[in-house]
S.K.: 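Have a look at the structure that comes next, please.
Residue numbers start from 1 in every chain, and the chains themselves are labelled A, B, ... in the order their sequence lines are given, proteins ahead of strands.
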2 protein chains.
Amino acid sequence: MLLQSIPIKVNLTHLKESCTSCSLHELCLPFGMRLDDVELLDKITANRKCRRGERLYHSGEPFQSLYVIKSGFFKVFDLDEEGKEKIVGFYMPGEILGMEAINKNRFHYNAVAMEDAAVCETPFGALEKLSHTIPALSHQFHKLMSREIMQEHEHILLLGTMRAPQRVAAFLLNLSRRFAARGYSPTHFYLRMTREEIGNYLGLTLETISRLFAKFHEDGLISVHSRDIEIRDLAGLQKLLEHPA
Amino acid sequence: MLLQSIPIKVNLTHLKESCTSCSLHELCLPFGMRLDDVELLDKITANRKCRRGERLYHSGEPFQSLYVIKSGFFKVFDLDEEGKEKIVGFYMPGEILGMEAINKNRFHYNAVAMEDAAVCETPFGALEKLSHTIPALSHQFHKLMSREIMQEHEHILLLGTMRAPQRVAAFLLNLSRRFAARGYSPTHFYLRMTREEIGNYLGLTLETISRLFAKFHEDGLISVHSRDIEIRDLAGLQKLLEHPA
DNA sequence: CGATCGGTTGAAGACCTTCAAAAGCAGTGG
DNA sequence: CCACTGCTTTTGAAGGTCTTCAACCGATCG
């Protein structure tokens, strides 16, 4: 019953807009740039759509462009010898895909859209060239790469030091914070990923995720109906992180 | 007995050398730059020494400079509310410290020298300015940030998907590869960190590390004498990663 | 309408942690 | 030089957390 109440805000009418009018402006590359410079950035970016399940790039593929997500969710994963997925991250609008590929000029992971999505494709060579003449662009790009490093450090800490309930709580709080930063409700959202994918990402099994969602529900921390999540006690979830109950 | 046979190569005579003659050239920022440009980079970097146990930077401290390690090992860690260390990484010569601080202009972690060390201190503002006129510098810097992101993705996969024996094997192989890239023996090295620090980093306890070192020793994969490690069967260790025995 | 996929729930057991004791080693000061 | 102290490491035994295995349910889809 709750599914209908949470529109998945893929605003396709905005897809042809320029960076200058993009709602993700503040999170993205143009942040801090002069308007005429933003137009230069606009010129080198192309729009691309991705259907649910479609691959944006493959592991091993030569690296040409970075992708900034305009709408939709992506998962980034590795495939082991046996073809099993190992998820390294979930990405949402305003976040950049492909930064780990700069080093070897080749993608090392796979990025797949978890729902119909739109991205800005920005050729990396052109971006670097442009950034030499626009200090604000260069600086913002460095900040975004730095943010990625920070976020991964946090996930390393999660995996390295937290027990299962803390991991799940941290995961929900992380989603909450990122939704909030994008103007969505921090307490009521729809999960784009399966229990298995969450478990994979958190170093747990799908059964553990299911059990902990049920327990959090019982404890009044959240309300779960399949993939619809409502956080009922944000402070309680946060407390869980500090005091490994 | 083996300790003496492994000189810890902290070549202090090189400390005052310029980037142009630095042995880490290939791993570091100047890679791919013209000689006269390297001299410009040289001008903005300062040398700094760190005694064993000394803090290079604190969490919360304003971010001014990146640090490139010339000699010595560093650990980077967070402190939780109770003051317990949570290690996010070990860094060795040629690697850059502080990149996660660019985003918020403030350090988020602590970096401590695990043995007497020397670093190049490079003011980030000056580095950005310089990189606008030296495309090779800009590009190499992007590659190094990208490498950091890649390495963290790998560690996330390690923590998220591997059992204890695989984690320890992967840790040893990772050190081996990084030592090799710096001209040291890939099969015989001295651990700068305690069992507790290794466990902390790998999401395990010090006892588990100790037990697995003993088991690997019994199985003929390695030879351990306190912190002196000799890898006796590199292929065997690698096989362990693929087939979670 | 059977098949498939995602999710829930229970029971058994593996893996790793926790607790504990003791030995090794390094540095310090008498 | 040796004893003392503190830190690191080893090793054993017990216990907990999470996984594995398995059965079942509901929704979706050709």
Side-chain angles (χ1 to χ4, degrees), chain A residues 1-4 52-53 75 84-87 112 114-115 158-171 190-218 222-229 240 244-245, chain B residues 1-4 8 51-53 75 82 84-87 112 114-116 158-171 190-218 222-229 240 244-245:
Chain A
M1 84 270 210
L2 282 167
L3 281 184
Q4 272 74 5
R52 177 185 151 85
K75 66 174 170 184
K84 277 202 301 188
E85 256 180 46
K86 303 186 168 188
I87 297 174
V112 163
M114 305 179 75
E115 60 189 19
L158 178 148
L159 292 171
T161 66
M162 292 183 187
R163 312 249 116 247
Q166 283 77 45
R167 292 187 198 187
V168 175
F171 175 72
Y190 180 75
L191 295 175
R192 270 68 172 184
M193 61 292 276
T194 66
R195 305 286 192 264
E196 183 170 22
E197 288 169 330
I198 297 172
N200 189 320
Y201 178 60
L202 296 180
L204 301 167
T205 58
L206 66 100
E207 291 94 334
T208 301
I209 305 301
S210 179
R211 279 185 249 266
L212 284 170
F213 275 1
K215 182 172 189 309
F216 286 178
H217 190 124
E218 278 172 37
I222 63 176
S223 162
V224 197
H225 295 92
S226 85
R227 299 206 191 166
D228 174 74
I229 300 276
L240 203 57
Chain B
M1 85 270 209
L2 283 166
L3 282 185
Q4 273 72 7
I8 301 170
R51 293 227 147 263
R52 178 187 150 86
K75 66 173 169 184
E82 297 156 15
K84 276 203 299 186
E85 255 180 47
K86 303 185 169 190
I87 297 174
V112 163
M114 306 179 74
E115 61 189 17
D116 289 0
L158 179 148
L159 292 171
T161 65
M162 292 184 189
R163 313 247 116 248
Q166 283 76 47
R167 293 187 196 186
V168 174
F171 176 71
Y190 180 76
L191 295 175
R192 271 69 173 183
M193 61 292 276
T194 67
R195 304 285 193 267
E196 184 169 21
E197 288 169 330
I198 298 171
N200 189 319
Y201 178 60
L202 296 181
L204 301 168
T205 59
L206 67 100
E207 292 94 333
T208 301
I209 305 300
S210 178
R211 279 184 249 267
L212 284 170
F213 275 1
K215 181 172 188 312
F216 287 178
H217 190 122
E218 278 172 37
I222 62 176
S223 163
V224 197
H225 295 92
S226 85
R227 299 205 190 167
D228 174 75
I229 300 275
L240 204 57

S.K.: If you round to the nearest 0.5 Å, how far is CG of B:Leu212 from CD of B:Glu207?
M.R.: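 Here the rounded value is 11.5 Å.
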S.K.: Please work out if B:Gly203 contacts a base, only the sugar-phosphate, or nothing of the nucleic acid, heavy-atom cut-off 4.0 Å.
M.R.: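 Sugar-phosphate: the residue B:Gly203, judged by heavy atoms under 4.0 Å, touches backbone atoms but no base.
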S.K.: Between C:dC16, C:dG6, D:dT19, which nucleotide gets closest to the side-chain atoms of A:Arg227?
M.R.: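 Nearest nucleotide to the side chain: C:dG6.
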S.K.: Using side-chain contact (heavy atoms from CB on, under 4.5 Å), reason through A:Met114 and A:Glu197 one step at a time and then give a plain yes or no.
M.R.: CA-CA 11 Å; A:Met114 305 179 75; A:Glu197 288 169 330; 3.4 Å; yes
S.K.: Could you tell me how far apart B:Leu191 (CG) and C:dC25 (P) are, to the nearest whole angstrom?
M.R.: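 So the CG-P distance, B:Leu191 to C:dC25, works out to 16 Å.
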S.K.: Taking salt bridge (Lys or Arg N to Asp or Glu O under 4.0 Å) as the criterion, tell me which of B:Arg192, B:Lys75, B:Arg52 meets it with B:Glu115.
M.R.: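 Considering B:Arg192, B:Lys75, B:Arg52, a salt bridge (Lys or Arg N to Asp or Glu O under 4.0 Å) with B:Glu115 is found only for B:Arg192.
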S.K.: To the nearest angstrom, how far is B:His225 atom NE2 from D:dT10 atom C1'?
M.R.: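 Atom NE2 in B:His225 sits about 14 Å away from atom C1' in D:dT10.
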S.K.: Do B:Pro165 and B:Arg167 come close enough that some side-chain heavy atom pair is under 4.5 Å?
M.R.: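 When only atoms from C-beta onward are counted, B:Arg167 and B:Pro165 do not touch, as no gap falls below 4.5 Å.
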S.K.: Within the 4.5 Å heavy-atom criterion, are B:Leu240 and B:Val168 side-chain neighbours or not?
M.R.: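 A side-chain contact is absent here, since even the closest heavy-atom pair is not under 4.5 Å.
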S.K.: Ignoring backbone atoms, establish whether B:Arg195 has a side-chain N or O less than 4.0 Å from OP1 or OP2 of D:dT9.
M.R.: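 So the side-chain polar atoms of B:Arg195 do come within 4.0 Å of the phosphate oxygens OP1 or OP2 of D:dT9, strictly under.
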S.K.: Within the 4.0 Å limit for protein heavy atoms, which parts of nucleotides 24-30 of chain D are touched? Write it as a string from 5' to 3', B for base, S for sugar-phosphate only, - for none.
M.R.: -------
S.K.: Whole angstrom is fine here: how far is it from CE in A:Met162 over to P in C:dT17?
M.R.: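 Going from CE in A:Met162 over to P in C:dT17 covers 17 Å.
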S.K.: Grab the two heavy atoms, one from A:Ala170 and one from A:Leu158, that are nearest each other, plus how far apart they are.
M.R.: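 For A:Ala170 and A:Leu158, the tightest heavy-atom pair comes out as CB-CD1, 3.6 Å.
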S.K.: Just the rounded figure in Å: distance from P of D:dC18 to CD1 of A:Ile198.
M.R.: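 A:Ile198 atom CD1 is separated from D:dC18 atom P by 16 Å.
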S.K.: Work out how much the helix from C:dC1-D:dG30 to C:dG30-D:dC1 bends between its end axes, five pairs an end, to the nearest 10 degrees.
M.R.: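 That helix has its two terminal axes inclined by roughly 40°.
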S.K.: Applying side-chain contact (heavy atoms from CB on, under 4.5 Å) between B:Ile87 and each of B:Asn200, B:Leu202, B:Ile198, report the one that passes.
M.R.: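 Among the candidates, only B:Asn200 passes.
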S.K.: If I take atom CG in residue B:Asn200 and atom P in nucleotide C:dT18, what distance separates them, rounded to the nearest angstrom?
M.R.: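 Whole-Å distance recorded here is 12 Å.
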S.K.: So which of residues 206-218 of chain B are in contact with DNA chain C, with a heavy-atom cut-off of under 4.0 Å?
M.R.: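 The stretch gives B:Glu207, B:Thr208, B:Arg211 as the residues lying under 4.0 Å from the strand, ordered by number.
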S.K.: Main chain of A:Ile209, side chain of A:Arg195: is a donor-acceptor contact present, judged purely on distance under 3.5 Å?
M.R.: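 Judged by distance alone, no pair lies under 3.5 Å.
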S.K.: Return the value, rounded to whole Å, for the distance between atom CZ of B:Arg163 and atom P of C:dT17.
M.R.: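 About 10 Å, once rounded to whole Å.
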S.K.: Can you check the A:Glu196 CD to C:dT4 C1' distance for me, whole Å?
M.R.: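 Rounded to the whole Å, the gap is 14 Å.
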S.K.: Do other residues, nucleotides or ligands put more than 12 heavy atoms under 6.0 Å from B:Glu85 CD?
M.R.: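 Yes, the 6.0 Å shell around CD holds more than 12 heavy atoms from other groups.
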S.K.: Could you tell me whether the phosphate oxygens of D:dT8, OP1 or OP2, come under 4.0 Å of any side-chain nitrogen or oxygen in B:Thr194?
M.R.: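 No.
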S.K.: What is the distance from CG of A:Leu159 to P of D:dC18, rounded to the nearest Å?
M.R.: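 In whole Å, D:dC18 P lies 13 Å from A:Leu159 CG.
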S.K.: Taking all non-hydrogen atoms of both residues, which atom of A:Gly160 and which atom of B:Leu159 are closest, and how far apart?
M.R.: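 For A:Gly160 and B:Leu159, the tightest heavy-atom pair comes out as N-CD1, 4.1 Å.
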S.K.: For a quick test of reading the model, state the closest non-hydrogen atom pair linking A:Val224 to A:Phe213 and the distance between them.
M.R.: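 Heavy atoms of A:Val224 and A:Phe213 come nearest at CG2-O, 3.8 Å.
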S.K.: What heavy-atom pair brings A:Thr208 and A:Ala164 nearest, and what distance separates the two atoms?
M.R.: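 Minimum heavy-atom separation between A:Thr208 and A:Ala164: CG2-CB, 4.0 Å.
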